[in-house]
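Take a look at the structure below.
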Protein chains: 2
Amino acid sequence: MEADIFKALADPNRRAMLERLASGELTGSALGEGFAISQPAMSQHIAVLRGAGLIRERREGRSVHYAVNPDGMAPLHDWLSRYQAFWPERLGRLKDFLKEMDQ
Amino acid sequence: MEADIFKALADPNRRAMLERLASGELTGSALGEGFAISQPAMSQHIAVLRGAGLIRERREGRSVHYAVNPDGMAPLHDWLSRYQAFWPERLGRLKDFLKEMDQ
DNA sequence: CCAACACATAAGCCAATACTTATGAGTCGC
DNA sequence: GCGACTCATAAGTATTGGCTTATGTGTTGG
């Protein structure tokens with residue numbers, strides 16, 4: 001699981017795809033625009049991201065709408081939290097951020 | 001930078017090494033114990049982790065002590081925070097954690 | 001129906017990478 | 001100084017991974 005996530009994120013194209021999806025749901029062809037790779041390459045990347053649980057898909061007619069999976073990054077976050085002890089100053093900044101959010 | 005981190009973390013052996021180092025500083029040979037790979041392989045993995053800024057080293061005599069770099073994971077954390085909007089419930093748990101820390 | 005469309009799968013190719021053995025460079029104890 | 005020790009580097013090999021072209025599967029509109 002965790003390993004699949006790290007592997008999926010190791011590729012810059014896949015990270016870029018995720019970042020585009022972070023702005024909202026997109027169909028496969030819409031997501032592919034701006035990438036200098038073929039449609040099959042995109043499809044394969046999507047398969048990897050889905051295999052890692054990072055995206056969800058919703059078929060609608062002949063197109064498929066992809067979106068970021070709400071808690072797909074959770075295992076990564078959990079893994080990363082093991083190292084929070086190493087950056088107390090960042091915790092402070094995060095605290096400020098959360099305080100702001102409360103208002 | 002960011003790309004180097006993701007690439008470094010894509011390998012399970014390197015992640016395991018980091019997790020061992022999270023418990024505290026270790027020399028190269030001590031870090032290598034329990035891994036079924038050769039010493040040069042370990043050394044190469046270490047070079048990748050250092051290249052990604054994830055570990056620091058301290059020479060002491062003929063051995064080298066490796067440790068997690070305090071803010072090496074910061075770029076990863078920053079990247080990940082872009083997706084925090086997708087897990088509000090996790091933010092809640094984190095808030096509780098920080099509140100506990102204050103006491 | 002049938003042609004165009006949207007996406008997935010197959011198969012092959014090439015580059016990146018993780019591993020090996022062999023060796024190098026520096027340090028320590030005797 | 002010399003052998004043992006710790007780690008790094010070199011060079012070669014085998015696997016992995018991302019890309020391509022070609023093709024398959026399902027959907028839609030005329």
Side-chain angles (χ1 to χ4, degrees), chain A residues 1-21 23-69 72 76, chain B residues 1-21 23-69 72 76:
Chain A
M1 316 263 106
E2 193 177 87
D4 293 327
I5 295 180
F6 280 110
K7 274 198 173 184
L9 296 179
D11 183 83
N13 276 333
R14 284 195 288 267
R15 287 199 303 277
M17 289 167 66
L18 270 181
E19 294 183 27
R20 286 203 63 185
L21 286 180
S23 309
E25 179 177 83
L26 285 174
T27 67
S29 53
L31 176 57
E33 288 171 17
F35 286 90
I37 59 178
S38 65
Q39 176 268 320
M42 284 297 295
S43 188
Q44 287 160 11
H45 281 311
I46 287 173
V48 172
L49 289 172
R50 189 184 43 217
L54 296 176
I55 59 174
R56 303 172 109 270
E57 63 184 42
R58 177 173 63 85
R59 315 195 85 95
E60 190 169 309
R62 61 184 166 190
S63 64
V64 182
H65 295 249
Y66 301 100
V68 173
N69 180 14
L76 175 58
Chain B
M1 317 261 104
E2 191 179 271
D4 293 329
I5 295 180
F6 280 111
K7 272 197 173 183
L9 296 179
D11 185 86
N13 277 332
R14 283 194 289 266
R15 286 199 304 277
M17 288 165 68
L18 270 180
E19 295 183 27
R20 286 202 64 185
L21 286 180
S23 309
E25 181 176 83
L26 286 173
T27 68
S29 52
L31 177 56
E33 288 171 16
F35 286 90
I37 59 178
S38 65
Q39 177 268 321
M42 286 296 297
S43 187
Q44 287 159 11
H45 281 310
I46 287 173
V48 172
L49 288 173
R50 188 183 44 217
L54 295 176
I55 60 175
R56 303 173 109 271
E57 63 183 45
R58 179 172 61 85
R59 316 195 83 96
E60 189 168 311
R62 61 185 165 188
S63 64
V64 183
H65 295 247
Y66 301 100
V68 173
N69 181 15
L76 176 59

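Below, all heavy atoms of this structure are taken into account, side chains as well, without hydrogens, waters or symmetry copies.
Between the side chain of B:Arg20 and the backbone N or O of B:Gly32 there is no donor-acceptor pair closer than 3.5 Å.
For the pair A:Leu18 and A:Val68, the tightest heavy-atom approach, listed with the atom from each and the gap, is O-CG2, 4.1 Å. The two residues B:Tyr66 and B:Ile46 make their nearest non-hydrogen contact at CE2-CG2, 3.5 Å.
Between the CG atom of B:Leu31 and the P atom of D:dT6 there is a distance of 14 Å, given to the nearest Å. With rounding to whole Å, B:Ile46 atom CD1 is found 11 Å from D:dT9 atom P. In this structure, B:Tyr66 places its OH atom 8 Å from C1' of D:dA8, rounding to the nearest Å. Going from atom CZ of B:Arg58 over to atom C1' of D:dT6 covers 15 Å, rounded to whole Å. Atom pair A:His45:NE2 and D:dG18:P shows a separation of 6 Å (rounding to whole Å applied).
Between B:Glu33 atom CD and B:Leu26 atom CG the span is 9.0 Å, to the nearest 0.5 Å. B:Glu25 contributes atom CD, which lies 6.0 Å from atom NE2 of B:His65 (distance to the nearest 0.5 angstrom). Atom CD of B:Glu57 and atom CZ of B:Arg50 lie 4.5 Å apart (nearest 0.5 Å). Rounding to the nearest 0.5 Å places CG of B:Leu9 at 9.5 Å from CG of A:Leu9. Atom NZ of residue B:Lys7 and atom CD of residue B:Glu2 lie 13.5 Å apart, to the nearest 0.5 angstrom.
Using a 4.0 Å cutoff to heavy atoms of chain B, the contacted part of DNA chain C runs 5' to 3' from C:dT17 to C:dC28.
For B:Ser43 and D:dA8, the shortest distance from a side-chain N or O to OP1 or OP2 is below 4.0 Å.
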(message) Return a single string for nucleotides 20-30 of chain D, one symbol per nucleotide in 5' to 3' order, where B is base contact, S is sugar-phosphate-only contact and - is none, cutoff 4.0 angstrom on heavy atoms.
(response) BBB----BB--
